[in-house]
Protein chains: 2
Amino acid sequence: MALEHALLVSLSEQAASGLDLTHRFDKSIGYFWTASHQQIYRVLGRMEGDGWVHCEVVAQQGRPDKKVYAVTEPGRLELERWLAEPTVTDPIRSELMVKIRGASYGDRAAIIEQARESLEDHRKRLSLYEFLESKDYPNPDLLEGRELDICLVLRGGVRLERFWIDWLTDYIDAHTRTTTKERRP
Amino acid sequence: MALEHALLVSLSEQAASGLDLTHRFDKSIGYFWTASHQQIYRVLGRMEGDGWVHCEVVAQQGRPDKKVYAVTEPGRLELERWLAEPTVTDPIRSELMVKIRGASYGDRAAIIEQARESLEDHRKRLSLYEFLESKDYPNPDLLEGRELDICLVLRGGVRLERFWIDWLTDYIDAHTRTTTKERRP
DNA sequence: CTCCGCATGTAAGCTGTTACATGATTCA
DNA sequence: TGAATCATGTAACAGCTTACATGCGGAG
């Protein structure tokens, strides 16, 4: 794919401008897909050319005009087609993991420090996600359909952050243990 | 970064040809970084141009010659420099998650089926990783340094697969529950 | 008066994917 | 004979990042 279909999903939920979409990608749909504003604008342009979305210029008071995009019938059909298409498992890319694997070719202490920073980052995200979960979905058992989907994706975000926190804690502990052993022979 | 540094890590462990590296990226270092052979050859060429690696043509019997690459001193320094550099948290990209979020705009049953296939895929990988873990690192508490690093990265792979398995099981269950409710009103 | 947010974009470049290509050897 | 493995690559394209650009209005 790429971004096109993520935008179609987001615009199906609610028509939006490029900047609106950028903000949405900083949260919600952004738990599992990221995009910069430049890329969003470019792709929106292409999608308009393909007739997947239609754009309306909306004047605002005290602010620049904005172009509000909505999904067209061809866009809806394209989304439907894509959703039914088989999905290949996404490749994983973690720079930190590569660094950790190569730690013995450089300054290990610096890499452990990077792991600590990453841990902090993941803890902050977890807090945010847990806050959103308790605020928006206090009774997940009662949900169905679209709301259930969105809640489950958020829960996926929570679990993924927990994975990182658990693993990074383990990593730091394992190397602290080693260091302690070396210091008390 | 990108691939350059992953190749420097892999070549630091052991000098190798393009194809050797491709095989390594299908496992071990490939748990958290993937690359196709085409890209590896191209990047190796660039790295040679930059003087980070040095290549020696090795003749073989009954097989084509191969170009064995090894890290040079400038390459080693570059790796060291990169390892000490701060790391930004890698963005996550999951096509399946986007599809799940958009499931209500298409055929939900088809998407649940894709989730089932993905679950199978992750179960297979988990089996492989667990096998490698028990084979290569039966006593993780005794490890130190480079071996410990490599073992911990593998354990990260195990945990990441478990995350996917747990979450996908939850997702499928939640929607099966919903369907059952609807069928028995 | 400076910085921040709103709102849109362009241009250059890097990274990665897909498809194609060659030629030898080994195995069923 | 056909397929797979070894071994290397080219070419075209798609996707994404980084840096730059503009202009208005509001807050401090």
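Quick caveat, the model's predicted, so the values are computed rather than measured. All chains are named by letter (A, B, ...) in the order of the sequence lines, taking the proteins before the strands, and each is independently numbered beginning at 1.
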ring-ring contact (aromatic ring centres under 6.0 Å, His included) between Phe163(B) and Trp167(B), intermediate numbers included: CA-CA 6 Å; Phe163(B) 151 74; Trp167(B) 183 82; 7.2 Å; no
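- Remark: P of dG5(C) and CD of Gln61(A) are 21 Å apart, rounded to the nearest angstrom.
- Residues Arg146(A) and Glu13(A) are not paired through a salt bridge, judged by the lack of any N-O separation under 4.0 Å between the basic side chain and the carboxylate.
- A donor-acceptor contact under 3.5 Å links the side chain of Arg42(A) to the base of dT17(D).
- Considering only side-chain N and O atoms, Arg46(B) lies under 4.0 angstrom from the phosphate OP1 or OP2 of dT15(C).
- The distance between atom CG of Leu44(A) and atom C1' of dG9(C), rounded to the nearest whole Å, is 12 Å.
- Mapping His23(B) and Tyr69(B) onto DNA chain D by nearest heavy atom places His23(B) at the nucleotide closer to the 5' end.
- Of the two residues contacting DNA chain D, namely Lys67(B) and His37(A), the nearest-nucleotide position lying further toward the 5' end is that of Lys67(B).
- Between Phe25(A) atom CZ and dT17(D) atom C1' the separation is 16 Å, expressed in whole Å.
- Among all heavy-atom pairs drawn from Ser104(A) and Asp149(B), the shortest one is N-OD2, 4.1 Å.
- Atom pair Asp26(A):CG and dA7(C):P shows a separation of 14 Å (rounding to whole Å applied).
- Contact check for Glu130(A) versus Arg162(A): side-chain heavy atoms found under the 4.5 Å cut-off.
- Contact between the side-chain N/O atoms of Tyr41(A) and the OP1/OP2 oxygens of dG9(C) is not found at any separation under 4.0 Å.
- Taking side-chain N and O atoms only, Ser36(B) has no distance below 4.0 Å to OP1 or OP2 of dG16(C).
- At whole-Å resolution of the value, CD in Gln38(A) and P in dG15(D) are 17 Å apart.
- For the side-chain contact (heavy atoms from CB on, under 4.5 Å) with His175(A), the qualifying choice from Ile112(A), Asp170(A), Ile111(A) is Ile112(A), the only one to do so.
- Here Gln39(B) does not reach the OP1 or OP2 of dT15(C): none of its side-chain N or O atoms lies under 4.0 Å away.
- Not one side-chain nitrogen or oxygen of Arg63(B) sits closer than 4.0 Å to the OP1 or OP2 atom of dG23(C).
- Atom CG of Asp90(B) is separated from atom C1' of dT15(C) by 15 Å (rounded to the nearest Å).
- Backbone-only engagement by Gln60(B) is indicated by non-hydrogen atom pairs under 4.0 Å involving sugar-phosphate atoms exclusively.
- Rounded to whole Å, atom P of dT15(C) lies 15 Å from atom CZ of Arg93(B).
- As a whole-Å value, the separation of Lys66(B) NZ from dT8(D) P is 8 Å.
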